[in-house]
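Because the structure is predicted, anything quoted here is derived from the model rather than measured. Basis for what follows: all heavy atoms, side chains included, without hydrogens, waters or symmetry-related copies. Order of listing sets the numbers, starting from 1, for every ligand and every atom in it.
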Amino acid sequence: MQSAIQFSSGEFVPLEMHKVRVVQKLNLLPVEERLRAVETAGFNTFLLENKDVFLDMLTDSGTNAMSDQQIASMAVADDAYAGSASYTRLYEAIVEIFGTEYFLPVHQGRAAEHIISQVFVNANDVVPMNFHFTTTKAHIELAGGRIAELYTDEALRIKSEFPFKGNIDIAKLEALIAARGRDNVPYVRLEAGTNLIGGQPFSIANMRDVRRVCDKHGILLVLDVSLLAENVYFVKTREAEFFGADIRTIIRIMCDLADIIYFSGRKISCTRGGGIATRNRELYLKMRDLVPLFEGFLTYGGMSVREIEAMAVGLRETLDMDMISQSPLFIKYLVDRLDAAGVPVITPAGGLGAHLDARGFLPHVPQLEYPAGALGAALYIISGIRGMERGTISMDRDADGNDVPSEVELLRLALPRRVFTLSQVKYVEDRVNWLYQHRDLVGGLEFTDEPKVLRFFVGRLRPRSDWTRKLVARFRQDFPAGR
Ligand code: F0G
């Protein structure tokens, strides 16, 4: 099992267990050009052009590095509308890894959410979960339902040593079912590697408790396994019962506890695509007819056969500890150093990325001036690093048009798997530290153009004062080369 490797100084350093064989050139623009680029992008990092970005830490979605084996598999892709051998290979991998006899391919994770919520969620239903993901919430609401987040008290505490912040609070779950009635709860949703609270795992002990509650009331359990690999890594390293267990066993225990699992292939398999899997034929049949309608025929579901081949290989690579530990070890390295320097960052380190606490970072920026968005713009200006706002901008307004302050106000710095080297991670650490020293210079943002749904994707904003120019001038003083 790979973990950080001991150097002769005694320090443990995460070591890449892969080598770089294809590279992409990066640009590190001077600070003034970065300011122009973010102005053009309406201070929304989603609208930056990648050519202007030095380290793209927006997401791990579709940006993980593929392995040579994945690339090689694409050469044998079998082009057929129906009955492709590529699909059969993917199906066999799904059955082998998840133990689910029935599988529906879809074009990406939110397509799975669309189908599941269209089939199971009715008007006035409530779907309890550990925490929402943006697309999950939007699809459940589109179907007329709403979500209830039943996280534990530890989940939103920025600095914590609690190993399983992704757990569901079982007492809250029982209370919700009692209050709403089991007929209005179509399923409970558990998200592995809970994304929006900092890539935090749940324990298998907690999942077993959730299952018991579901069984008691006859409610389905739906598991989002997009970030399964990270959750498995943390179960194996943090939950005593599983310290010696192999990855395959842990995955099977988790999948056996769920009625339906679904995933974004953009995360779990380092490919595009997604899928829904179940052991239950009845549930499968309920969902099956929507796949040809919205996605494509049942043996491709909107994916190309090349993606399907690479997905089968990528899913099997999830069984390799070297593979699934790489990103969490790099994240821990970055998080522990930022934390030691006093930078407000979510602890313990989770999966997916390092999550800066924008409220702690910029306490002088009111929440309705979008501190996480402002921090994202500021970090890009001074470093060329692109993060993702995961705070109030990522919440849409309520029915009365009011902003909905997010419970956590985060800037996510994703570490896609096998993509960055340790010196790049050190650059991130250095520039985040510099910005923290000069945080007083960062001000708030306001919308100039605001879509109604998922506004964070294409909404445009502007600074509420001329803080960006002062920040650039201060950066120039310390870095005369401008970068
Ligand atoms: N579920 C989780 C836990 C996710 O993180 C995502 C996507 C989805 C579902 C939707 O999958 O993008 O393939 O449609 N997360 C990406 C992110 C977008 O940046 O964290 P998708």
Side-chain angles (χ1 to χ4, degrees), residues 44-46 48 50 56-64 104-117 127 129-140 142 147 149 151 165-166 187 189-202 222-232 234 254 258 260-277 294-295 301-304 307-308 310-311 314-315 327 331 346 350-355 372 376 386-391 393-394 408 410-417 419 453-454 456-458:
N44 180 347
T45 56
F46 274 97
L48 286 166
N50 204 27
D56 187 8
M57 306 183 84
L58 186 74
T59 179
D60 61 338
S61 175
T63 58
N64 294 307
L104 295 166
V106 294
H107 79 273
Q108 61 184 82
R110 70 200 69 181
E113 292 173 333
H114 175 221
I115 289 173
I116 292 168
S117 42
V127 180
M129 56 186 68
N130 43 357
F131 209 78
H132 80 281
F133 184 70
T134 51
T135 55
T136 323
K137 177 168 179 282
H139 275 297
I140 288 169
L142 188 70
I147 60 156
E149 293 169 321
Y151 47 80
K165 284 170 147 185
Y187 56 87
R189 172 179 175 274
L190 255 184
E191 182 180 306
T194 323
N195 187 331
L196 294 190
I197 58 167
Q200 300 289 327
F202 58 75
V222 174
L223 178 64
D224 179 339
V225 294
S226 306
L227 290 167
L228 180 75
E230 288 71 16
N231 207 117
V232 167
F234 291 121
M254 288 167 73
I260 295 173
I261 64 172
Y262 74 88
F263 60 89
S264 166
R266 302 170 66 84
K267 287 187 178 326
I268 189 174
S269 54
C270 307
T271 60
R272 309 296 186 275
I276 307 173
F294 289 110
E295 302 300 309
M303 288 188 270
S304 77
E307 285 163 351
I308 290 175
M311 179 179 276
L315 287 173
S327 177
I331 293 166
I346 288 190
L352 211 173
H355 296 74
R386 157 155 81 169
M388 187 189 288
E389 194 269 0
R390 296 279 71 160
I393 295 177
S394 295
V408 281
L410 306 177
L411 180 68
R412 178 177 88 182
L413 302 176
L415 273 103
R417 298 171 184 170
V419 170
V453 179
L454 299 179
F456 64 89
F457 277 131
V458 294

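- Note on ligand 1: L227 sits outside its first shell, no heavy atom being nearer than 4.0 Å.
- Residue Q108 touches ligand 1 through backbone and side chain together, judged by heavy-atom distances below 4.0 Å.
- Not one N or O of Y262 is nearer than 3.5 Å to an N or O of ligand 1, by distance alone.
- Residue contacts with ligand 1 include E113, since one or more of its heavy atoms lies under 4.0 Å from the ligand.
- With no hydrogens or angles considered, no side-chain donor-acceptor pair links R390 and N195 at under 3.5 Å.
- Neither the backbone nor the side chain of H107 has a heavy atom within less than 4.0 Å of ligand 1.
- A perpendicular orientation is assigned to the rings of F46 and F457, their planes being inclined by more than 60° (bins at 30° and 60°).
- The existence of a salt bridge linking D60 and R417 is excluded, since no basic side-chain nitrogen approaches an acidic carboxylate oxygen closer than 4.0 Å.
- The protein non-hydrogen atom at the shortest distance from atom 3 (C) of ligand 1 is D224 OD2, 3.3 Å.
- The S61 neighbourhood of ligand 1 comprises atoms 16 (C), with distances under 4.0 Å to a heavy atom of that residue.
- Close contacts of ligand 1 with K267, meaning ligand atoms under 4.0 Å from a residue heavy atom, involve 4 (C), 5 (O), 7 (C), 15 (N), 16 (C), 17 (C), 19 (O), 20 (O).
- R189 places a side-chain N or O within donor-acceptor distance of the main-chain N or O of F131, the cut-off being under 3.5 Å.
- Ranking protein heavy atoms by distance to atom 6 (C) of ligand 1, first place goes to F133 CE2, 3.4 Å.
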